There are 2 protein chains.
Amino acid sequence: MKSEPDVRQTRRPGRRPGPTETRAAILAAARELFAEKGYDGTSLRAIARAAGCDPALVHHFFGNKEGVFTTAMQFPVTPADVLPRLLEAPPDQLGETLVRIFLEIWRDEERRAPVIAMVRSAMTNEQAATLMREFITTALLRRVAAARGTSLLRAEAAVGQMVGVAILRYVIKTEPVASASEEELVELLAPVIQHYLG
Amino acid sequence: MKSEPDVRQTRRPGRRPGPTETRAAILAAARELFAEKGYDGTSLRAIARAAGCDPALVHHFFGNKEGVFTTAMQFPVTPADVLPRLLEAPPDQLGETLVRIFLEIWRDEERRAPVIAMVRSAMTNEQAATLMREFITTALLRRVAAARGTSLLRAEAAVGQMVGVAILRYVIKTEPVASASEEELVELLAPVIQHYLG
DNA sequence: AGCAGAACTCATCATGTGTTGAATTTAAGT
DNA sequence: ACTTAAATTCAACACATGATGAGTTCTGCT
């Protein structure tokens, strides 16, 4: 999407003047590309091109491709600041609250990107799948199931519902869910989530 | 998974004696590999290796990689012989019937493979995503929504629920849903599907 | 029996991949 | 001011990929 001018036909080797900002640029480009193409579909060279530097620099900062990925994915969603909101919601509005939190995360690209990247990558990459598996079980299922009294299986069905709709909406882009409003989605999904966790 | 002996260090060129069976072998190998690794993660050479032939033969039969994929995916689920069962079910058991049909499809690897392959591939490949998008809307949503009186959006939420759980169960393999029994899943999901389509 | 065409392999091309080591320029520490 | 270390590029390796064209062996039709 972002096509840097790439005017720098030739830049002399050696450290650039001024403070170092390339590392951050690499991570930003990596997040964008991983979200768009998944782990296997994203090459180190494409990241470097988007970040305006040499591929070897990516390698220098992060060791290898796996290093770039795990560093770029560090902070998909921090459940810490989300759980309080969940627990202080009245029990009969738990479903609605949860759906709203999900929708908030998906709202701006900034926060959605790592999640989608993870989903996309986990489909074809075993390592990414492991990452996602652990995130789901330890960060979502256990906490929700522990806080509320529900079984893990029911909690997982709720997660499945949200993940499934997210994939249809943001990856496959099937209508009408792709262009439904957030309010419509709340109305649609909240009762089901409530049913699973109630 | 399947590692042919690969003893044929060197086989003479030219047509093999007997009836032609290599084309079918290639398609079988392709389905297995696409299901395991997705479109982009599967190479023509890997398919040829698994089918015990030269990569060029794959190209000869199907033109190019895209040709192999679309041919291998031709018959993910034929909705024609599934819809009758749906429509003759009593309206208050529609959810359960639908869940059972889905579970049947996922039961044996033979029938599950193309579906999983499609899901995996659609995550990183735009062309596969288009294929899946069209399949979902024309083969699932429209028919279900037309047969029953429900809105497209609600039908899509139901599809999302099933797809989400399938991904958790067969791709990410999160417990406990990965090793839950079919009966447990029916009990878990049928009410929700019924709710969406009722 | 003979021949067109299908099945099949081989060698090869152009391109893209992750990774490495050496060389050069600047920033930081003393 | 000097030195160490960090940031950066370049050139290259070893390998995998999709694709192509030519050549070989068999089947099926007449």
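Naming: A, B, ... by sequence-line order, numbering from 1 per chain. These numbers come from a predicted model, not from an experiment.
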**Student:** Look at the rings of Phe34(B) and Phe69(B) and say which category their plane angle falls in: under 30° parallel, 30 to 60° tilted, over 60° perpendicular.
**Tutor:**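 Ring orientation, 0 to 90° scale: perpendicular.
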**Student:** Without decimals, in angstroms, what is the distance between Leu44(B) CG and dT15(C) C1'?
**Tutor:**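 Going from CG in Leu44(B) over to C1' in dT15(C) covers 15 Å.
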**Student:** Between Asp40(B) and Gly18(B), which is nearer to the 5' end of DNA chain D once each is assigned its nearest nucleotide?
**Tutor:**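 Mapping each residue to its closest nucleotide by heavy atoms, the 5'-most match is Asp40(B).
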**Student:** Indicate yes or no: does Glu32(B) engage Lys37(B) in a salt bridge with an N to O separation below 4.0 Å.
**Tutor:**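 Between Lys37(B) and Glu32(B) there is no salt bridge, as every charged N stays at least 4.0 Å from the carboxylate O atoms.
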**Student:** Taking the side chain of Leu57(B) as its heavy atoms from C-beta onward, which of dC26(D), dC8(C), dC10(D) lies nearest to it?
**Tutor:**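 Side chain of Leu57(B) sits closest to dC8(C).
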**Student:** Can you tell me how far P of dT17(C) sits from CD1 of Ile47(A), to the nearest Å?
**Tutor:**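 Answer to the nearest Å: 11 Å.
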**Student:** Any N or O donor-acceptor pair under 3.5 Å from the base of dG16(C) to the side chain of Arg45(A)?
**Tutor:**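 Such a pair does not exist between side chain and base.
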**Student:** Do the side-chain N or O atoms of His60(A) get closer than 4.0 angstrom to the phosphate oxygens (OP1, OP2) of dA7(D)?
**Tutor:**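 Looking at the OP1 and OP2 atoms of dA7(D), one of them is under 4.0 Å from a side-chain N or O of His60(A).
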**Student:** Using the side-chain heavy atoms of Arg11(A), tell me which of these nucleotides is nearest: dT25(D), dT8(D), dT20(C).
**Tutor:**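 Output: dT8(D).
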**Student:** Is a salt bridge present between Arg31(B) and Glu36(B), judged by a nitrogen-to-oxygen distance below 4.0 Å?
**Tutor:**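 No.
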**Student:** Between Glu126(A) and Lys173(B), does at least one N-O distance fall below 4.0 Å, as a salt bridge requires?
**Tutor:**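 No.
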**Student:** So which nucleotide from dT17(D), dT17(C), dT9(D) ends up closest to the side chain of Ser43(B)?
**Tutor:**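 The answer is dT17(D).
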**Student:** Using whole Å, report how far NZ of Lys65(B) lies from P of dG16(C).
**Tutor:**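 Whole-Å distance recorded here is 15 Å.
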**Student:** Grab the CG-P distance between Leu33(A) and dG18(C) for me, whole Å please.
**Tutor:**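 It works out to 12 Å between those atoms.
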**Student:** Under 4.0 Å between a side-chain N or O of Arg15(A) and OP1 or OP2 of dT9(D)?
**Tutor:**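 So the side-chain polar atoms of Arg15(A) never come under 4.0 Å of the phosphate oxygens OP1 or OP2 of dT9(D).
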**Student:** Does this structure show an ion pair linking Glu96(A) with Arg100(A), if we count only N-O contacts that are shorter than 4.0 Å?
**Tutor:**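 Looking at Glu96(A) and Arg100(A), the cut-off is met.
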**Student:** Just the rounded figure in Å: distance from C1' of dA19(D) to CG of Asp54(B).
**Tutor:**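 To the nearest whole Å, that distance equals 12 Å.
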**Student:** Measure from the side chain of Arg16(A), starting at C-beta and using heavy atoms only, and say which of dT19(C), dA7(D), dT9(D) lies closest.
**Tutor:**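 Selected nucleotide (nearest to the side chain): dT9(D).
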**Student:** Return the value, rounded to whole Å, for the distance between atom CD1 of Ile26(B) and atom C1' of dA7(C).
**Tutor:**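 Taking CD1 of Ile26(B) and C1' of dA7(C), I get 10 Å after rounding.
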**Student:** Could you give the CZ-to-P distance, from Phe62(A) to dA7(D), as a whole number of Å?
**Tutor:**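 Atom CZ in Phe62(A) sits about 10 Å away from atom P in dA7(D).
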**Student:** On DNA chain D, compare the nucleotides closest to Thr42(B) and Pro13(B); which residue's is nearer the 5' end?
**Tutor:**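 The residue closer to the strand's 5' end, by nearest nucleotide, is Thr42(B).
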**Student:** Out of dA7(D), dA19(D), dT17(D), which has the shortest distance to the side chain of Arg49(B)?
**Tutor:**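 Out of dA7(D), dA19(D), dT17(D), the nucleotide with an atom closest to Arg49(B)'s side chain is dT17(D).
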**Student:** Toward the 5' end of DNA chain C, which comes first, Ala46(A) or His59(A), by nearest nucleotide?
**Tutor:**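 Looking at DNA chain C, the more 5' nearest nucleotide goes with Ala46(A).
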**Student:** Would you kindly give the CG-to-P distance between Asn64(B) and dA19(D), to the nearest whole Å?
**Tutor:**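 Going from CG in Asn64(B) over to P in dA19(D) covers 5 Å.
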**Student:** So Trp106(A) and Tyr170(A), would you call those rings parallel, tilted or perpendicular, with 30° and 60° as cut-offs?
**Tutor:**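 Perpendicular: the ring planes of Trp106(A) and Tyr170(A) meet at over 60°.
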**Student:** Heavy atoms from C-beta onward define the side chain here; which of dT25(C), dG18(D), dA7(D) lies closest to that of Arg12(A)?
**Tutor:**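 In terms of side-chain proximity for Arg12(A), the closest of dT25(C), dG18(D), dA7(D) is dT25(C).
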**Student:** Both Thr20(B) and Ala56(B) contact DNA chain C. Taking the nearest nucleotide for each, which residue is further toward the 5' end?
**Tutor:**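 It is Thr20(B), whose closest nucleotide lies nearer the 5' terminus.
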